[in-house]
S.K.: 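First the structure, which I've put down as C-alpha cells, then a few questions once you've had a look.
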Amino acid sequence: MSKLVLYNTLSKKKETFNSLVPNKVSFYLCGVTVYDNCHIGHARAYIVFDTIRRHLMYLGYDVSFIQNFTDIDDKIIKRSSEKGVSWKALVKTNISSFFEDMDALNILRASVYPKATDHIREMISIIKDLMEKGIAYQAGDDVCFSVDAFEGYGKLSKKKLEDLVAGSRVEVSTEKKNPFDFVLWKPAKEGEPFWGSPWGKGRPGWHIECSAMVKKLLGHTIDIHAGGEDLVFPHHENEIAQSECHTDHPLANYWLHNGFVKIKDEKMSKSKNNFFTIKDILKDTPGVVLRYFLMKVHYRLPIHFSSDGLEESKQAVQKLAEAVKAGANVDSLKTLMPISNDIDEELGSNRISPQDRLKTKFSESPELTEFLNRFDGALNNDFNFSEAVSILFDLSRYCYKNKKGGLLLFLLSERLGLNLVELESEIIVTEELQAIIQSRNEAKQNRNFDESDRLRDVLKTTFGVEIVDQKDGGYLLKEI
RNA sequence: GGCGGCAUGGCCAAGUGGUAAGGCACGGGUUUGCAAAACCCUGAUCCCCAGUUCGACUCUGGGUGCCGCCUCCA
C-alpha cells in the first residue's frame, strides 16, 4: 500500500506523512472571523480540509480536528455597531449560519470549535512570557511582537524582512521597532468590548488566539496546521513566531494551504466585494453539487467560479448518482453508516482501520479492489482529488456494464463527502399531477403517442417534472 | 521592488522522461413509439525559443502571458 504523501508549505516539497503519536493526528484548521455569512471561498477551504480529514480517518488515524472561531476583532465591532446589535448577538447569529452551511455541504463536525474570547487568559499568559523574554514590548498603547527577535521569521512564507521592507505597503508606525512587528494586545477605545490585562483594558491581536488555542487543546507541537493560502503571510508566519518563541518547539510539522476561489481571474474576497455567499449558491444548487465543484480541482490550485462550471458539476454528479443506482439497491445505501464515521472505538493494536474493513469487504472482487486501490493511491498522493474523481467515473462505467459496484461507488464518493443519494429529490405527487401521469399512460397504451408526448410536455412546462419511461412499463419522475 | 504559482483538445481539468486520465459540450451511430439514461465511434502533441537526452508535454536556461502574497482576508 502506498504511503500518504503531502505537500508541506514549510519545506515546499511533498513529504511522507508521519504523525507524532502513532495512530493519532492533531490537526488545527484556522476558522472564520464570524462577522458575516461565509462565502464560497470559505466553503472551499473547509471542504478541502474536511476531505483530507476524512482520508486520515479512513487510514485509521484518530484525528483531533480543531477549528476555531475568531469571535472578537475590529470587523466584528464595526459590523455590530452598523447593525445596531451587540457583538455577542452578531457572533451568535453568524456561528449558527456557519453550521447551517457546513451541514449543507456535508462537512463533518470538528472535534472542538474553540472561541477566541474563551481563551483570553491563555493569550495573556503567552504575551506575559514573551514580554519577560524581551521579545514582546510596549509600543505606545499596544503590545507588539518584535519580529527581529525571532531568527526563523519568514521561514514559512519564504520572505526576508529586508525584502519586505523594500516594497512595504505597511503603514509606518513610529512606535514600532520594526514595521512588521505585529500587535499582541491592543487597548479598547471608548465603548468597545474589553478584557482586563497587565497592559490595561483591551483585546488581543488576531494572531495570538491560535497560538493559545493550539497549545491548550493540542500541545506545543501539532501534526498539521492548515488554512487558506492567504493565511501563510502574515497570519501563520506570526503564529509560528509567537508560539516557537514561547514554547521553544516547532508549532506544526506539516503546513497545508488551499488555493483560492476566483471570479473572472480575480481572487474572491470581501474587500473586492466580488463574492458569493454559500447561501447564495445553495438557493438553487444542491450542496453536493457545490461540494463537487469546489473539490474537483487540485486543492492547492485556484478554481475559477462560474455558473457554467456549476452546471457542468451538476451533470457530472447526476451521472455518478445514476451509476450508483445502476450498480446497487439505493434503498439499502440509505441506511449505510458513512465509512468515515465508522471508526473503531477500541484503541490499541487490535484496531481495524476503515481502510482495512473496506479492503476486506471487496476482497472477493479483484476488479473492485483495483478501483479501491487506485482511489486510495490518488488520495495518498497529496490528496489528488481530481484523479480520485476520475476513478469514480471509471467505476460508474463499470457499474452500468456489470450491474454491480454501486456500493463501492457510493462509499468512495462518501469518502470525498459527496452524498450521492442526497440528490434524490422528493417530488410531491399531487392529485392533479397523478391524473396527468395516468392520462399519459393510457394514451401510451392506446398508442396515441401525440397525446402522450403532449402530456409529457405539460408535465415539463407546468410542473417542472420530467417523466422517464422504464423498461418494465413503469416510470420515474425527475425534477428539472 | 521582493517572493511564489499557473499556462494541456470548444470549455473544465489530471498526469508520466518513452508518444496524453476524467468531466461538460458538439457531431455520427446503437437502443427507445418518442424522450431520458446507457453504450460505441470521432477530436489535442501539451504558450514560445534554446539546451540536456536515444527520446521531453514532463528536466535545465531564457522569453511571453495570467494570477497570488508582501494591508484585513479561506
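A, B, ... follow the sequence lines: proteins, then strands. Residue 1 opens every chain.
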S.K.: When all nucleic acid strands are considered with a 4.0 Å heavy-atom cut-off, which category describes A:His235: base, sugar-phosphate, or nothing?
M.R.: nothing
S.K.: Checking A:Asp382 against A:Tyr299: is there a side-chain donor and acceptor pair closer than 3.5 Å?
M.R.: yes
S.K.: For B:C11 versus B:U53, give the span between their P atoms, rounded off to a whole number of Å.
M.R.: 36 Å
S.K.: Can you tell me how far P of B:A37 sits from CD of A:Gln318, to the nearest Å?
M.R.: 9 Å
S.K.: Distance between the C1' atoms of B:U19 and B:C40, in whole angstroms?
M.R.: 25 Å
S.K.: Tell me which nucleotide among B:G23, B:G2, B:G33 gets nearest to the side chain of A:Arg440.
M.R.: B:G33
S.K.: Who does B:U52 pair with, Watson-Crick or G-U, both distances under 3.5 Å?
M.R.: none
S.K.: Could you let me know what B:A20 is paired to, Watson-Crick or G-U wobble, both distances under 3.5 Å, or none if it's on its own?
M.R.: none
S.K.: Ring centres under 6.0 Å, that's the criterion: do A:Phe362 and A:Phe371 meet it?
M.R.: no
S.K.: For the P atoms, the ones on B:C3 and on B:G61, what distance do you get once it is rounded to whole angstrom?
M.R.: 15 Å
S.K.: Students often get this wrong, so: under 4.0 angstrom with heavy atoms, is A:Ile391 touching a base, only sugar-phosphate, or nothing?
M.R.: nothing
S.K.: With a 3.5 angstrom cut-off on both distances, give the Watson-Crick or G-U wobble partner of B:G65, or none if there isn't one.
M.R.: B:C6
S.K.: Would you classify A:Gly227 as touching base, sugar-phosphate or nothing, given that sugar-phosphate means primed atoms plus P, OP1 and OP2, and contacts are heavy atoms under 4.0 Å?
M.R.: sugar-phosphate
S.K.: Distance check needed: B:G1 P versus A:Lys159 NZ, whole Å only.
M.R.: 16 Å
S.K.: Below 4.0 angstrom from OP1 or OP2 of B:C69, is there any side-chain N or O of A:Lys267?
M.R.: yes
S.K.: Between atom CD1 in A:Ile303 and atom C1' in B:G23, what is the gap in whole Å?
M.R.: 14 Å
S.K.: Partner of B:U45 by Watson-Crick or G-U wobble geometry, both contacts under 3.5 Å, or none?
M.R.: none
S.K.: Among the candidates B:A36, B:A13, B:G23, find the nucleotide nearest to the side-chain atoms of A:Val468.
M.R.: B:A36
S.K.: With a 4.0 Å cut-off on heavy atoms, is A:Asp265 in touch with a base, just the backbone sugar-phosphate, or nothing at all?
M.R.: sugar-phosphate
S.K.: Just call it for A:Lys272: base, sugar-phosphate, or nothing, with non-hydrogen atoms closer than 4.0 Å on any strand.
M.R.: sugar-phosphate
S.K.: Could you give the CD-to-P distance, from A:Glu466 to B:U32, as a whole number of Å?
M.R.: 20 Å
S.K.: Any idea how A:Tyr28 and A:His225 line up, ring-wise: parallel (<30°), tilted (30 to 60°), or perpendicular (>60°)?
M.R.: tilted
S.K.: For nucleotides B:G27 and B:C69, find the distance between their P atoms and express it as a whole number of Å.
M.R.: 41 Å
S.K.: Rounded to whole angstroms, how far apart are CZ on A:Arg397 and C1' on B:G22?
M.R.: 8 Å
S.K.: Can a side-chain donor-acceptor contact be found between A:Asp73 and A:Tyr35 if the only test is distance below 3.5 angstrom?
M.R.: no
S.K.: Side chain of A:Ser386, heavy atoms from C-beta onward: which of B:G23, B:A13, B:A35 has the nearest atom to it?
M.R.: B:A13
S.K.: Within this structure, what is the CG-to-P distance between A:Asn384 and B:A21, rounded to whole angstrom?
M.R.: 15 Å
S.K.: Verify the ring-centre separation between A:Phe69 and A:Phe98: is it less than 6.0 angstrom?
M.R.: yes
S.K.: Indicate, yes or no, whether a donor-acceptor pair under 3.5 Å links the base of B:G23 to the side chain of A:Glu312.
M.R.: yes
S.K.: Say whether A:Lys279 and A:Ser97, considering side chains only, have a donor N or O and an acceptor N or O under 3.5 Å apart.
M.R.: yes
S.K.: Let me spell it out: for each of A:Lys401 and A:Asp453, pick the nucleotide of RNA chain B with the closest heavy atom. Which residue's pick is nearer the 5' end?
M.R.: A:Asp453
S.K.: Measure from the side chain of A:Ser452, starting at C-beta and using heavy atoms only, and say which of B:G33, B:A25, B:A14 lies closest.
M.R.: B:G33
S.K.: When you compare B:G9 with B:G22, how far apart are their C1' atoms, in angstrom units rounded to a whole number?
M.R.: 13 Å
S.K.: Out of B:C34, B:G68, B:A74, which has the shortest distance to the side chain of A:Asp469?
M.R.: B:C34
S.K.: Measure from CZ on A:Phe449 to P on B:G33 and round the result to the nearest Å.
M.R.: 7 Å
S.K.: When you get a sec, tell me which of B:C3, B:G23, B:A14 is the closest nucleotide to the side chain of A:Glu387?
M.R.: B:A14
S.K.: Check every strand shown and say whether A:Val48 touches a base, only sugar-phosphate, or nothing at a heavy-atom separation below 4.0 Å.
M.R.: nothing
S.K.: Choosing from B:A14, B:G5, B:A35, which nucleotide comes nearest the side chain of A:Lys12?
M.R.: B:G5
S.K.: Given the P atoms of B:A20 and B:U32, what is the spacing between them in whole Å?
M.R.: 37 Å
S.K.: If pairing requires Watson-Crick or G-U wobble contacts with both distances under 3.5 Å, which nucleotide is the partner of B:A14?
M.R.: none
S.K.: Do A:Phe305 and A:Phe293 have their ring centres less than 6.0 Å from each other?
M.R.: yes
S.K.: To the nearest Å, give me how far apart NE2 (A:His236) and P (B:C70) are.
M.R.: 14 Å
S.K.: Need the pair for B:U30. Rule: Watson-Crick or G-U wobble, both distances under 3.5 Å, any strand; none if unpaired.
M.R.: B:A38
S.K.: Tell me the closest heavy-atom pair linking A:Ser396 and A:Ala323, and the distance in Å.
M.R.: CB-CB, 3.1 Å
S.K.: Take atom P in B:A21 and the same atom in B:C41, then report the distance between them in whole Å.
M.R.: 14 Å
S.K.: Please pick, from B:A14, B:A74, B:C70, the nucleotide with the shortest atom-to-atom distance to any side-chain atom of A:Phe260.
M.R.: B:A74
S.K.: Would you mind telling me which residue lines up with the more 5' stretch of RNA chain B, A:Arg456 or A:Lys319, judged by nearest nucleotide?
M.R.: A:Lys319
S.K.: Determine the interatomic distance between P on B:G10 and the same-named atom on B:G2; round to the nearest Å.
M.R.: 36 Å
S.K.: Would you indicate which nucleotide in B:A74, B:G23, B:C39 comes nearest to any side-chain atom of A:Ala316?
M.R.: B:G23
S.K.: Do the side chain of A:Ser386 and the main chain of A:Lys296 share a donor and acceptor less than 3.5 angstrom apart?
M.R.: yes
S.K.: Counting distance alone, no hydrogens or angles: does the base of B:C24 have a donor or acceptor under 3.5 Å from a partner atom on the side chain of A:Asp308?
M.R.: no
S.K.: Can you tell which of B:G23, B:A74, B:C39 lies closest to the side chain of A:Ala45?
M.R.: B:A74
